Structure formats: structure tokens, C-alpha cells
Amino acid sequence: MRYPVYQPDLSGNEKAYVLDCLETSWISSRGAYVSRFEESFAAFIGAREATSVANGTVAIHLALVACDIEPGDEIIVPTLTYVASVNTIVQAGAVPIFCESRLADWQIDVADAEKRITPRTRAIMAVHLYGQACPMVDLQALCRKYNLLLIEDCAEAFGTRFYGQHVGTFGDAATFSFFGNKTLTTGEGGMVVCKDAKAMQRARHLKSQGVSLVREYWHDTLAYNYRMTNIQAAIGLAQLERAEDILRRKRALAGFYREALQGLPLVLQTEMEETIHSWWMVSALVDNPTHRDPLRASLKEAGIETRPLFYPVHTMPMYQHLTDTIFPNATSLAARGFNLPSYPALTRQDVRVIADVIREFFTKI
Ligand SMILES: Cc1ncc(COP(=O)(O)O)c(C=O)c1O
């Protein structure tokens, strides 16, 4: 592909720091980079502390367990999300209750979420989709009103802000992913942030086999090995050093697309007034759903990779039995949406080349 959907920018100290791990043989989950990355990450998002994990999926599972989610608890989650948001709810023994998304910014519909609250509801999971922020003030108010936990899945939202505050600092717990295509990457990796210091302590304890702090090889609870390696953390630290630059280039990229795609029968995801969108994936909706796949095929022919928006998770085989609700917004977004090449090295000229292929498609149909 001439233009893949994503390519990480590893042009800073990544190589030097990884080499340092190899030369000093600190390659496992002990080593100075782990704590340096955790501290720098927490400082960047404005959290008191953060704990690193192996990926963004186990990050969600760990956050749910650290928040004492119990078997049978219901967690409200938008159906328009990546499957890991839902799988981890089930893996924690809880029940996912699917809810609707808003058409404008594709984020959780708070009024719809409220309708789905029952006496068994324990939490709402806000997923900041594609780098836009969920309506956090409304979600906080809803959770206060019904005494629910607020969990933020920020896998796609490093650099995203709501009224200037970084996402991941609104809820009781929050998680991040550093997969290779994420705005900040460690190859595979994740982070957990909990508001409550005790929950944070539980997360640290549980991610490391529940090992006692005072007795060697004594494990006082059933737990996991969800640790990040020093090598991953070394990459993450180097990425963090250039995070502002990466984010600035991604915001510029969204501007190039907005400019180049003007007048065509498609719209980019809306950046809501109160938010700073980090544009993990610059994503668009075609007006007519029958145009989406032929347009993606034309782009592919021209060497331009795109991806469809996520399928609503409630339509997947393992979740179909849970609901017969129709979610018209999520269904329409999933049918019309696609992700464009979104990596920071793309230039205005690259975007013009991509936009020309899109323009040509629409002039031919
Ligand atoms: C919304 C969301 N949640 C969770 C994850 C899982 O993260 P990971 O792939 O690091 O396990 C992703 C990954 O793409 C995601 O997009």
C-alpha cells in the first residue's frame, strides 16, 4: 500500500532506549524505564499515578477487577466500539448492556444510557471513539445520580481533552492502549489509571500475580501476569518525549482532510466545541451507505488503505442473544463510516492525492 492506514513514528530515542535495555539486559518487566514511563505518562495526562500493562485489553479487565466489579453486575457500554471493551466486561464476570451512540460525534448517547439503568447496573463504560471525547460532564452527573462507577476506555484517545482536561482523569478508572497503530505506541502495551488510591494499589497487586509485598513467593490472591516489559516502556518513554509534536501533526492532518474533502457527499467526525479531538483515526461518513464499500475499493486500487468503522458489537455471534434492540445510529454509522490514512508523517500533498481519488470516485458515480 502506498498509503497505509497507520505507520508509527519511531524517529526519536526509541532505538537508543531499546538498545540500552538490550545492552544492560533489563529486558523483562523490571527495569528503570517502566517506572519512568508510568510517571511521565501520569504527568502528561494529569493523573496522580498510572500503572503499565501488557496491552489495552488486559488494561480494561484489570481496571474492572480493581474496581471490584462482581459477577452479575451490569455495565452499560456503547455497541459501537472495539470488541475488547465488551469482551473484558464478560471476562470480569459482568453483563454488557448495549447502548446507542450520537450521530454527530459517534460517542455514547447519555440519554439512551440512562434508559438502560436497572438496580443491577454498577458502571458505565465511556469509550472515547477514534480520538473524540465522550460527554464527560453529563456522564459524571448521570453516574453521581445513580451511584454508578464511570470507567473510561481511552484506548483511542491519547491526547484527547474535554474542557482542557485529558480524558482518563474523569472516571473512577481509565485505560489506554499502546498498540502499534495508536497515537502513542509501545508495540503492544497499555496503562491503567484509578482515581482511588486503594483501587490503584489493587491494580498493581493484581497485575503482578498478587504477590505479597512482605513475603517472598507468597501470593495472597488469585491474580494475573499483565505486566509491561522494560523494552515496551523504553519505546513508550521515547514516544512521550515527542507526544506534543505527534499530536500537533495529527491535528494538522485532520485540517488537511477537512480542506481537501470539502463539497463531497461525506462528512468527517465532528469535533465538539468543548473537546480537543486527538484524531487517532481521521474518519468519515458517506451520505449514502451504498457508496462506502465501492469507494474503499477505489481507494485500495490506488494504493490507499482504509478501514470500515467498527461493526456494532451486539451483532457479533457471541453477543446476539443478549439483545433484540435495534440501535439505528450505531447501525447507520457502522454502515457509512470508514477510517482514512491517519499517521503523523502524512503531508498536505499526500492528503490531496488521497482526496483526488475520492473526488474522482464521486464524479464517476
Ligand atoms: C476502544 C478500544 N478498546 C480497547 C482496545 C484494546 O487494546 P489492545 O489492542 O492494546 O489490546 C482497543 C484497541 O484497538 C480499542 O480501540
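As the structure lists them, so they are numbered: ligands from 1, and atoms in each ligand from 1. This is a predicted model, so every value here is computed, not measured.
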Check your understanding: N/O of Glu156 under 3.5 Å from N/O of ligand 1, yes or no?
Key -> yes
Point to revise | Ligand-residue contact atoms, ligand 1 with Gly56, heavy atoms, under 4.0 Å | key: 6 (C), 7 (O), 8 (P), 10 (O), 11 (O)
Point to revise | Electrostatic pair Arg102-Asp105, nearest N-O below 4.0 angstrom | key: yes
Revision key, fill the gap. For Ser177, the ligand 1 atoms with a heavy-atom partner under 4.0 Å come out as 7 (O), 8 (P), 10 (O)
Review point. Which residue pairs satisfy the side-chain hydrogen bond (donor to acceptor under 3.5 Å, both in side chains) criterion with at least one member in residues 294-305, sequence neighbours excluded?
Key: Arg296-Thr306
Check your understanding: Would you call Lys182 a ligand 1 contact, heavy-atom distance under 4.0 Å?
Key -> yes
Review point. What are the atoms of ligand 1, with element, lying closer than 4.0 Å to any heavy atom of Thr57?
Key: 6 (C), 7 (O), 8 (P), 11 (O)
Review point. For ligand 1, which part of Asp153 has a heavy atom less than 4.0 Å away: the side chain, the backbone, both, or neither?
Key: side chain
Point to revise | Distance-only donor-acceptor check, side chains Ser283 and Gln269, under 3.5 Å | key: no
Study note, to complete from the structure: Within 4.0 Å of some non-hydrogen atom of Asn55, the atoms of ligand 1 are 10 (O), 11 (O)
**Study point:** Any donor-acceptor N or O pair under 3.5 Å, side chains Tyr130, His277
**Key:** no
**Study point:** Nearest-contact summary for atom 5 (C) of ligand 1 - protein heavy atom, Å
**Key:** Tyr82 CD2, 3.6 Å
Revision key, fill the gap. Val127 heavy atoms within 4.0 Å reach ligand 1 at atoms 1 (C)
**Study point:** Any pair counted as side-chain hydrogen bond (donor to acceptor under 3.5 Å, both in side chains), so long as it reaches residues 161-170, sequence neighbours left out
**Key:** Gln165-Thr169
Practice item. Scan side-chain atoms only and decide if Gln132 and Thr160 contain a donor-acceptor pair under the 3.5 Å cut-off. Key: no
